[in-house]
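We use all heavy atoms of the structure for the numbers below, so side chains are in, but hydrogens, waters and symmetry mates are not. The structure displayed is predicted, hence computed values, not measured ones. Throughout, residue positions are numbered sequentially from 1 according to the sequence presented. Atoms within a ligand are numbered from 1 in the order they appear, just like the ligands themselves.
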Amino acid sequence: MKLTELKPGETAVIETVGGEGALRQHFLDMGMIPGAAIRLIKLAPMGDPAEYRIHGYELTLRLADAEEIAVHKTTAVAEPEEPERARATEHPGLGEGGKFHEKRDENPLPDGTVLSFALAGNQNSGKTTLFNQLTGSNQHVGNFPGVTVDRKSGQIKGFENTEVVDLPGIYSLSPYTKEEIVSRRFILNDKPTGIINIVDATNIERNLYLTMQLMELETPLVLARNMMDEVRGNGGSIRINEMERQLGVPVVPISAAKNEGVDELIDHAIHIAKFQEKPRRTDFCGESDGGGAVHRCLHGIMHLIEDHAKEAGIPVRFAATKLVEGDASVLSALRLDENETKIMEAIIAQMEQERGLDRSAAIADMRFSFITKLTKSCVVKPEESRERERSRRIDAVLTGKFTAIPAFLLIMALVFWLTFGVIGKYLQDLLALGIDRLTALLDSSLTAWGTNEVIHSLVIDGVMQGVGSVLSFLPIVVTLFFFLSLLEDTGYMARIAFVTDKLLRKIGLSGRSIVPMLMGFGCSVPSIMACRTLPSERDRKMTVLLIPFMSCSAKLPIYGLFSSVFFPGYAPLVMTALYLLGIVKGILIALITKRTSFKGEAVPFVMELPNYRMPSAGNILRLIWYKSRDFITRAFTVIFIASIVIWFLTAFNFHFELVEQSKDSMLSVIAGWIAPIFRPIGFGDWRIATALITGFMAKESVVSTLSVLLGGTAALPSLLSLRAAASLLVFCLLYTPCVAAIAAVRRELGRKWAAGMVLLQCAVAWLCAGAVYLLGAIVS
Ligand code: GDP
Ligand code: MG
């Protein structure tokens with residue numbers, strides 16, 4: 001029978017996994033291998049995708065993909081063996097008191113060598129948390145050379161000449177996603193002196209799958225077993241010494257969130273790197289496993305390619321397993337000759353026949369059987385952890401058939417209401433008041449000192465007006481980021497993706513795109529960058545292009561100003577309508593492009609649903625700090641300069657004489673050339689044209705420019721009719737994103753896409769604003 005025929009709560013054993021290529025490899029890497037037990041937990045509220053449990057964790061799968069998997073039902077599922085009582089360990093950082101090291105102090109790297117570590121692990125294993133613990137605040141964010149995937153690195157706190165690079169969260173070293181390729185290339189080419197592999201101890205089977213591939217790379221490695229607080233809290237335990245003995249690498253139990261065991265981890269990491277202690281075990285194929293076919297095949301190939309692998313600088317064991325899996329990039333790097341390729345093919349074919357599994361499945365099976373043996377002897381598992389139980393109860397509501405979508409809407413509404421209506425607003429008013437006071441104070445003291453008129457005007461009308469009005473939005477941006485990271489870190493974002501997948505598929509995307517799109521309400525720039533985690537090129541492009549339609553928080557000042565002046569009392573309504581309009585436009589564009597530029601099926605949706613967790617306050621505070629710093633930096637660079645430029649252009653005429661009235665200034669002349677474009681849609685005034693031009697630099701400056709030009713915003717109603725104001729709002733909502741966002745799009749998709757997007761958006765904005773203006777004429 002097919003996996004789709006399973007009913008909720010039923011368990012079956014996988015017989016065969018269909019499909020092909022990278023996708024099938026991904027299924028296998030996620031543990032869907034012949035012989036594995038799989039249970040259907042539930043279907044998403046809209047009937048698709050489904051949530052399955054396999055190897056002790058939950059993952060999502062679309063029904064169309066589940067069709068590819070053949071199963072037979074079992075009634076007697078092997079119950080987990082009665083857990084042995086945990087042996088209490090004193091301190092999780094010390095394990096059972098053992099410290100595994102092969103070399104004591106032989107052949108250390110010369111003093112002063114920079115010890116560089118790659119921090120590798122699955123998604124949600126606590127990488128960010130550990131990275132922050134390790135580096136404190138000394139971190140730099142950049143790109144991996146040549147690719148646009150975030151590269152965070154930093155020095156280990158208190159250890160000079162060290163560097164930790166936070167690799168993207170990955171499940172395997174097969175080249176399925178960009179992340180996996182980047183991580184693999186980093187370890188193979190940049191040759192870090194050591195690897196810190198972080199493993200979620202509550203989900204050990206799936207996490208160790210990556211570990212084994214990392215160990216095959218023959219780079220010194222230390223295993224950090226994270227979340228030990230949860231494991232111990234549930235009566236689980238791990239025999240550290242036994243595990244170290246079997247794997248031949250140091251194993252350190254830690255709790256990144258509670259900062260337990262991190263010092264020990266650093267000690268071990270530095271030791272293995274300094275003394276270049278390679279993993280003692282790289283061989284995971286048992287001589288008798290499944291008749292030993294895989295073992296013989298791998299070793300045969302290893303001997304066959306040894307010289308080529310050495311030459312190419314690829315660890316031979318890693319090369320051999322990847323060759324069996326059919327990895328094209330390893331194959332071409334090795335440059336085997338025709339004969340060798342033939343022999344290899346014959347060896348693999350023989351193994352497939354003897355083992356009764358195809359090559360990829362055989363390798364995945366080999367890894368999982370090693371893991372099963374290892375965990376049986378080293379891990380004392382709790383029956384059912386409290387966290388999983390709690391997650392199940394929360395999920396009953398948050399992904400439940402009838403409650404999921406109302407809950408989603410409610411949560412999002414709550415987030416937006418709290419951000420824009422309560423917390424953000426309150427803090428914003430406070431900050432605005434402070435800025436006003438400061439401006440008044442500066443004004444009077446500048447007058448008292450008898451400062452030159454030009455300087456006075458520069459400080460008060462230029463800088464304080466411009467920067468000040470933008471700065472007062474800091475609280476809203478920070479609050480929104482706070483909530484978004486809360487949703488992300490708790491694990492709810494993954495559920496949102498699960499619940500909304502079917503809907504997003506209608507516009508040709510997958511549920512994963514919802515996360516960057518929601519973040520787009522905060523700021524397009526990080527959201528566009530977040531698209532890097534999307535596994536398909538097509539989804540990535542499409543999501544990037546849709547994000548600017550999600551009205552970013554920098555546009556809020558514009559909405560806020562105009563609705564308070566033109567639609568007093570209706571501000572929430574106006575804002576909601578604008579947000580909805582943006583979303584609807586995005587959907588329409590997606591529907592059109594889906595049938596034209598982006599034909600093809602959305603990628604499969606295989607995603608882990610992690611347990612709900614309390615996010616660590618440190619992570620969130622740090623994020624808020626970075627975001628605020630970012631925002632403040634922008635305020636004092638881009639916007640500072642823009643304010644001065646605008647002030648200069650308004651204060652002087654083309655003869656560089658100070659003008660009495662801004663209508664004689666340079667800016668009025670320049671903007672006067674552009675303004676006619678906007679006349680048909682209701683706002684042909686040069687000051688508005690100027691504001692829109694500066695909005696190109698940063699959306700916040702639309703407001704600051706207007707207030708500089710008008711000397712306050714009280715004069716707005718004399719400038720615009722009600723319907724012109726509505727038209728202008730729609731134009732601001734839809735026209736080109738700011739320079740930073742365009743730069744991000746360019747970085748992700750290239751110049752052509754970026755230019756195309758800007759043109760398309762401006763055209764769409766003009767048309768929609770025109771429509772609103774017309775509609776206004778009809779209504780009134
Ligand atoms: P990443 O996706 O690998 O970067 O994982 P994060 O660092 O974002 O962590 C995922 C979630 O696990 C967050 O909610 C963290 O607060 C939580 N977490 C991380 N480390 C621990 C830990 O040691 N114990 C517990 N209980 N939770 C943790
Ligand atoms: Mg993270």
What do you reckon, does [X] put a non-hydrogen atom under 4.0 Å from ligand 1?
{"X": "Gly169", "result": "no"}
{"X": "Asn122", "result": "yes"}
{"X": "Gly121", "result": "no"}
{"X": "Glu260", "result": "no"}

Looking at [Y] and [X], is any side-chain nitrogen of the basic one under 4.0 Å from a carboxylate oxygen of the acidic one?
{"X": "Asp200", "Y": "Lys127", "result": "no"}
{"X": "Glu387", "Y": "Arg613", "result": "no"}
{"X": "Arg206", "Y": "Glu608", "result": "yes"}

What are the atoms of ligand 1, with element, lying closer than 4.0 Å to any heavy atom of [X]?
{"X": "Pro615", "answer": "14 (O), 16 (O)"}
{"X": "Ser616", "answer": "16 (O)"}
{"X": "Ser255", "answer": "22 (C), 23 (O), 24 (N)"}
{"X": "Lys127", "answer": "1 (P), 3 (O), 4 (O), 5 (O), 7 (O)"}
{"X": "Thr129", "answer": "6 (P), 7 (O), 9 (O), 15 (C), 19 (C)"}
{"X": "Asn124", "answer": "1 (P), 2 (O), 3 (O), 5 (O)"}

Mind checking whether [X] has an N or O less than 3.5 Å away from an N or O of ligand 1?
{"X": "Thr490", "value": "no"}
{"X": "Lys258", "value": "no"}
{"X": "Ala256", "value": "yes"}

Review point. Could you go step by step and tell me if Glu389 and Arg393 meet the salt bridge (charged side-chain N to carboxylate O under 4.0 Å, His left out) rule?
Key: CA-CA 6 Å; Glu389 182 55 37; Arg393 275 203 309 270; 3.7 Å; yes
Relative to ligand 1, is [X] under 4.0 angstrom through side chain, backbone, both or neither, heavy atoms considered?
{"X": "Asn226", "answer": "side chain"}
{"X": "Glu230", "answer": "side chain"}
{"X": "Asp229", "answer": "side chain"}

Review point. Is the backbone N or O of Val397 less than 3.5 Å from a side-chain atom of Thr403, with the two atoms forming a donor-acceptor pair by type?
Key: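 Answer holds: yes.
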Point to revise | Those residues that, when tested against Ile394, pass side-chain contact (heavy atoms from CB on, under 4.5 Å) (two or more places apart) | key: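 Result, side-chain contact (heavy atoms from CB on, under 4.5 Å) vs Ile394: Arg390, Leu398, Tyr612.
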Review point. Is the Tyr171 to Tyr209 ring centre distance short of 6.0 Å?
Key: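 Here the rings of Tyr209 and Tyr171 have centres that are no less than 6.0 Å from each other.
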Of [options], which has the heavy atom at the shortest distance from [atom]?
{"atom": "atom 28 (C) of ligand 1", "options": "Gln123, Glu488, Met227", "value": "Met227"}
{"atom": "atom 22 (C) of ligand 1", "options": "Ala257, Pro253, Gly233", "value": "Ala257"}
{"atom": "atom 27 (N) of ligand 1", "options": "Arg613, Met228, Met614", "value": "Arg613"}

Check your understanding: Any chance the side chains of Glu216 and Thr321 put a donor and an acceptor closer than 3.5 Å?
Key ->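 Checked: Glu216/Thr321 side chains pair up, N/O donor to acceptor below 3.5 Å.
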Exercise for review: Indicate whether any N or O donor in one side chain lies under 3.5 Å from an N or O acceptor in the other, for Gln213 and Lys322.
Suggested key: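 Per modelled atom types, Gln213 and Lys322 side chains form a pair under 3.5 Å.
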Point to revise | Test log, rule side-chain contact (heavy atoms from CB on, under 4.5 Å), inputs Arg225 and Ile238 | key: CA-CA 10 Å; Arg225 310 205 32 165; Ile238 284 155; 2.5 Å; yes
**Study point:** Student check: side-chain heavy atoms of Leu609 and Leu59 closer than 4.5 Å
**Key:**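 Leu609 does not reach Leu59 side chain to side chain.
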Review point. In a check of salt bridge (charged side-chain N to carboxylate O under 4.0 Å, His left out) between Glu58 and each of Arg392, Arg388, Arg495, which one passes?
Key: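 Result: among Arg392, Arg388, Arg495, Arg388 is the only option passing the salt bridge (charged side-chain N to carboxylate O under 4.0 Å, His left out) with Glu58.
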